[in-house]
Protein chains: 2
Amino acid sequence: MIDYVLFVCFRLTLEANVFRLVIGWNMTERGECMLADERRFRITEMLSRQRTVSASELKDIFNVTAATVRRDLAHLERKGLLVRSHGGAVSKLPSTNFQPSYDAMGRENPAEKQAIATEAAKLILDGDTIFLEGSTTVSEIVPLLQHHKRLTVVTNSPLILVELRRHPEIKVMCTGGELQRDVFYLSGIWAQRTIGEIRVDKAFLGVSAIDPEYGLSTASHDEAAVKKILIKSAKMRIALVDHSKFGRQGFAFVAPANELTTLITDSGTPPADLKTLRDLGVHVIVAGQD
Amino acid sequence: MIDYVLFVCFRLTLEANVFRLVIGWNMTERGECMLADERRFRITEMLSRQRTVSASELKDIFNVTAATVRRDLAHLERKGLLVRSHGGAVSKLPSTNFQPSYDAMGRENPAEKQAIATEAAKLILDGDTIFLEGSTTVSEIVPLLQHHKRLTVVTNSPLILVELRRHPEIKVMCTGGELQRDVFYLSGIWAQRTIGEIRVDKAFLGVSAIDPEYGLSTASHDEAAVKKILIKSAKMRIALVDHSKFGRQGFAFVAPANELTTLITDSGTPPADLKTLRDLGVHVIVAGQD
DNA sequence: TACAAACAAAACATAATCGATCATATTACG
DNA sequence: CGTAATATGATCGATTATGTTTTGTTTGTA
């Protein structure tokens, strides 16, 4: 009898307890009345360790309905902390170094990104000095530089550096800095200083979050600092933003949208956002349209 | 009584959880509650390591049917991450594509270089701050850094930078500078300044020409300038030199041989040269000997 | 070539999950 | 006290993920 009780106890508590241990709870702390914010905080805490969470697990842990879990995840998705997927969510926290995040998951919307990069490449003239910032969209520009003459390219992305080895006529410079490996991006004091010392004709910015009113923002403070200086160092500031980045606000503010000279996006972007940007004086190019 | 039951319960769950942790499980890895996204992520992770995966293998690993595996692979193929083939899939990740050209670059004496790099890695201690200079021999050290703790690596080589992304625990910094694409080496004023600002425990120098009497030299003036500063910035200066570099004099002088703390070479080097170096006070290690 | 075994594609079934909507409870605030 | 705002739960049709089955396809071997 006692064995059976123990067994049932074991089964019942096992699942939930794993998570409680993982996220640092102990048994007594869980009250019946948990605030929504508290719950959401716990979710982000889990995601900083786990990469994914499943909706049904969360339902059991917090003793709420699936609807509430969905609302929580939707909320956190709007804040840019995770991406929802069927059955749960995937972490988007910058601090989480789950290995091939750049290699693999940065490959979303390849067609849109390529279309955007094609428009961007059209803006580059022979003899230009340009800055290519580390970002999956921006790096798509590199293969399109075949036929440009006398180009100077400055970059803070090791990947772009490696890609550029195929273009012997291009003069290539690297900013240096500390490697943020989740995004494959050099930042920090060295990057800031070198960028501050130069003046480029065109800077191609990767952007992870844009809200036409709030402006550009990003998940990392370091990255924001680099972008700020880059914006000051460039005559033309061209942002490459696919539609999934719109309406988002990241942790660190970069600049108001009107500091951009040009913004290139794809046809999936809400027309209202495009209009707001144009009213701010930004030259908006929509790739994949005539 | 009930307290006792609860206590035993808790003990049991605790132990089960520890057991899980020990054997490397976490919840998401367990077949029943794995998100599709998680599975696909794992596949890309595998592909970044081994270039190909077999469908039946994946079926067993994830405890799903072949149909699901095929759908996953089809999904990843649409994203451009792999190419499907009968019985599995082949990676299309940039890292794996990139590998061959890197291999082709400097594979003259691979066995010697590897042996030299192995000796070099033995000199690296946990917690060290090291400089890895761009050179094919030096970059062989990178895969050997798996088990070192709390390392800080500074480098002027884009290749080493890219290689190091597989070591999430290592803090990585890049000097910046202008790219010399034939040797894949960052040099120039930015590189010189950043190296001048730091102090590393150990610098691993690639050397393209060494003459025990004349000293170290190289083909490019820029490269020589960087090396000179690097030698000043390092407490230990370790040169990695295979036998083919001996008895040569390059265009630009770097430093006399006695500025080296240590020199690692292979067994093909003339004993007379080794003796001269030892007489100068250089600690000479011959890789591939006892 | 013929044949068996493994693999792939398509069509269907099922269960889990999602989105939207409405109802209810709780809180905040005048 | 009443009302608005918010958070949560409940329900239902739509969507998605997965497994199953059937029917080709490829591959290796005699």
Side-chain angles (χ1 to χ4, degrees), chain A residues 11 15-16 19 30-47 50-92 104-105 108-109 243-244 246-248 268 270, chain B residues 27-47 50-92:
Chain A
R11 280 299 301 275
E15 310 295 82
F19 284 96
R30 225 198 72 232
E32 287 73 47
C33 52
M34 170 176 270
L35 269 53
D37 269 321
E38 175 70 6
R39 221 176 32 233
R40 287 164 191 171
F41 176 73
R42 296 280 182 201
I43 294 173
T44 61
E45 207 172 25
M46 291 171 72
L47 279 175
Q50 272 185 267
R51 207 190 86 90
T52 61
V53 287
S54 102
S56 60
E57 282 159 7
L58 293 174
K59 188 170 82 87
D60 294 339
I61 292 170
F62 299 121
N63 264 319
V64 291
T65 58
T68 303
V69 170
R70 277 201 299 276
R71 276 184 285 247
D72 282 347
L73 294 179
H75 184 259
L76 292 170
E77 186 176 37
R78 271 196 303 277
K79 281 173 83 177
L81 297 171
L82 51 79
V83 178
R84 238 134 71 79
S85 73
H86 206 87
V90 182
S91 172
K92 256 196 91 181
M105 291 308 170
E108 281 146 30
N109 316 327
H243 67 271
S244 69
F246 271 83
R248 286 193 174 172
Chain B
M27 296 297 286
T28 53
E29 263 181 72
R30 262 187 37 221
E32 338 154 7
C33 55
M34 177 181 277
L35 300 181
D37 263 292
E38 180 66 11
R39 218 177 33 233
R40 287 163 192 171
F41 177 78
R42 288 261 149 80
I43 294 174
T44 62
E45 206 175 26
M46 292 173 70
L47 279 174
Q50 44 184 2
R51 211 183 75 88
T52 62
V53 288
S54 97
S56 60
E57 183 191 354
L58 293 173
K59 187 172 83 90
D60 295 338
I61 291 173
F62 299 121
N63 264 318
V64 292
T65 59
T68 303
V69 169
R70 276 199 301 277
R71 276 185 283 244
D72 282 348
L73 294 179
H75 180 95
L76 293 170
E77 186 174 37
R78 271 196 303 277
K79 279 175 85 176
L81 297 171
L82 51 80
V83 178
R84 242 133 67 80
S85 68
H86 208 88
V90 182
S91 172
K92 248 187 95 179

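Chain identifiers are assigned alphabetically (A, B, ...) following the order of the sequence lines, protein sequences preceding nucleic acid strands; residue numbering begins at 1 within each chain.
Residue Asp37(B) contributes atom CG, which lies 14 Å from atom P of dT17(C) at whole-angstrom precision. In this structure, Leu58(A) places its CG atom 18 Å from P of dA16(C), rounding to the nearest Å.
Nucleic acid contact class of Ser54(B) (heavy atoms, under 4.0 Å, all strands): none.
Both cation-pi conditions hold for Arg51(A) and Phe41(B): the charged atom is under 6.0 angstrom from the six-membered ring centre and inside a 45 degree cone around its axis.
Direction of the helix axis in the helix from dT1(C)-dA30(D) to dG30(C)-dC1(D) shifts by 30° between the two five-pair termini, rounded to 10°.
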Give me the distances for all protein-to-nucleotides 14-20 of chain D N/O pairs that come in under 3.5 Å?
residue: dT18(D); atom: OP1; partner: Arg39(B); partner atom: NH1; Å: 2.7
residue: dT18(D); atom: OP1; partner: Arg39(B); partner atom: NH2; Å: 3.2
residue: dT18(D); atom: OP2; partner: Arg39(B); partner atom: NH2; Å: 2.7
residue: dG19(D); atom: OP2; partner: Thr65(B); partner atom: N; Å: 3.0
residue: dG19(D); atom: OP2; partner: Thr65(B); partner atom: OG1; Å: 2.8
residue: dG19(D); atom: OP2; partner: Thr68(B); partner atom: OG1; Å: 2.4
residue: dG19(D); atom: N7; partner: Arg71(B); partner atom: NH2; Å: 2.7
residue: dG19(D); atom: O6; partner: Arg71(B); partner atom: NH1; Å: 3.3

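Taking each heavy atom of Leu35(B) and Ser54(A) in turn, the nearest pair found is CD2-CB, 4.2 Å. When all heavy atoms of Val64(B) and Lys59(B) are compared, the pair lying nearest together is O-CG, 3.0 Å.
Proximity of Arg84(A) to the phosphate of dG19(C): a side-chain N or O atom is located under 4.0 Å from OP1 or OP2.
Leu73(B) is listed as a side-chain neighbour of Leu58(B), based on a closest heavy-atom distance under 4.5 Å. Taking the side chain as every heavy atom from C-beta outward, Arg71(B) and Thr68(B) approach each other to under 4.5 Å. Under the 4.5 Å side-chain criterion, counting only non-hydrogen atoms from C-beta, His75(A) is in contact with Lys79(A). Annotation: side chain of Asp72(B) is in contact with side chain of Ile43(B) (closest heavy-atom distance under 4.5 Å).
For Arg70(A), the side chain to side chain contact (heavy atoms under 4.5 Å, CB included) partners are Ala66(A), Ala67(A), Arg84(A), not counting sequence neighbours.
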